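Model, not experiment: these values are computed from the prediction.
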Amino acid sequence: MKTKRLMTAVAVGLMAYAGAALAHELDTDQDGLYSLAELQAEYPDLTQATYDGIDINKDGAVDATELGDAVSKGVLPAAE
C-alpha cells in the first residue's frame, strides 16, 4: 500500500513539474493567469464553456492550479 502511494505521489509530482513548464509557456503576458486566448494557443478546440468549467473559483481566469487539475483530470490533454 505504501509503495502505491509513493508511486502516485511521484506521478503527481512529475505531472505538476511538466504542467508548470507548460503553464509558463502559455502565460504569454506573464500575469500568472491563463486567459481563454492563451489556452486556445495550446488547445484550439477549447470552448468558453469548458474554460468556465476549468475556472473552479469562478474569478474569470484560470490559474496554474486550475490548469494542472484540468490536465490531471483529463479535461485537457497533456501538452506534447
Indicate yes or no for a side-chain donor-acceptor contact from [X] to the backbone of [Y] under 3.5 Å, with no hydrogens or angles considered.
X	Y	answer
E66	D63	yes
E38	D27	no
S72	G68	yes
Y43	P77	yes

### Least distance between heavy atoms, Y51 atom then Y34 atom
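In this case the closest contact between Y51 and Y34 is OH-O, 2.5 Å.
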
### Query
Which pair of heavy atoms, one from A61 and one from D55, lies closest together, and at what distance?
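Between these two residues, the closest heavy atoms are O-OD1, 2.9 Å.
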
### Query
Which residues pass the side-chain hydrogen bond (donor to acceptor under 3.5 Å, both in side chains) test with T65, sequence neighbours left out?
none

### Summary
Across all chains, not counting sequence neighbours, the side-chain hydrogen bond (donor to acceptor under 3.5 Å, both in side chains) partners of D52 are Q48

### Summary
The side chain to side chain contact (heavy atoms under 4.5 Å, CB included) partner of I54 among V71, L36, D69, L76 is L76

### Single hit among I56, N57, L67 for side chain to side chain contact (heavy atoms under 4.5 Å, CB included) with V62
L67

### Residue pair T28 / L26, side-chain heavy-atom distance below 4.5 Å
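Counting from C-beta outward, T28 and L26 never come under 4.5 Å.
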
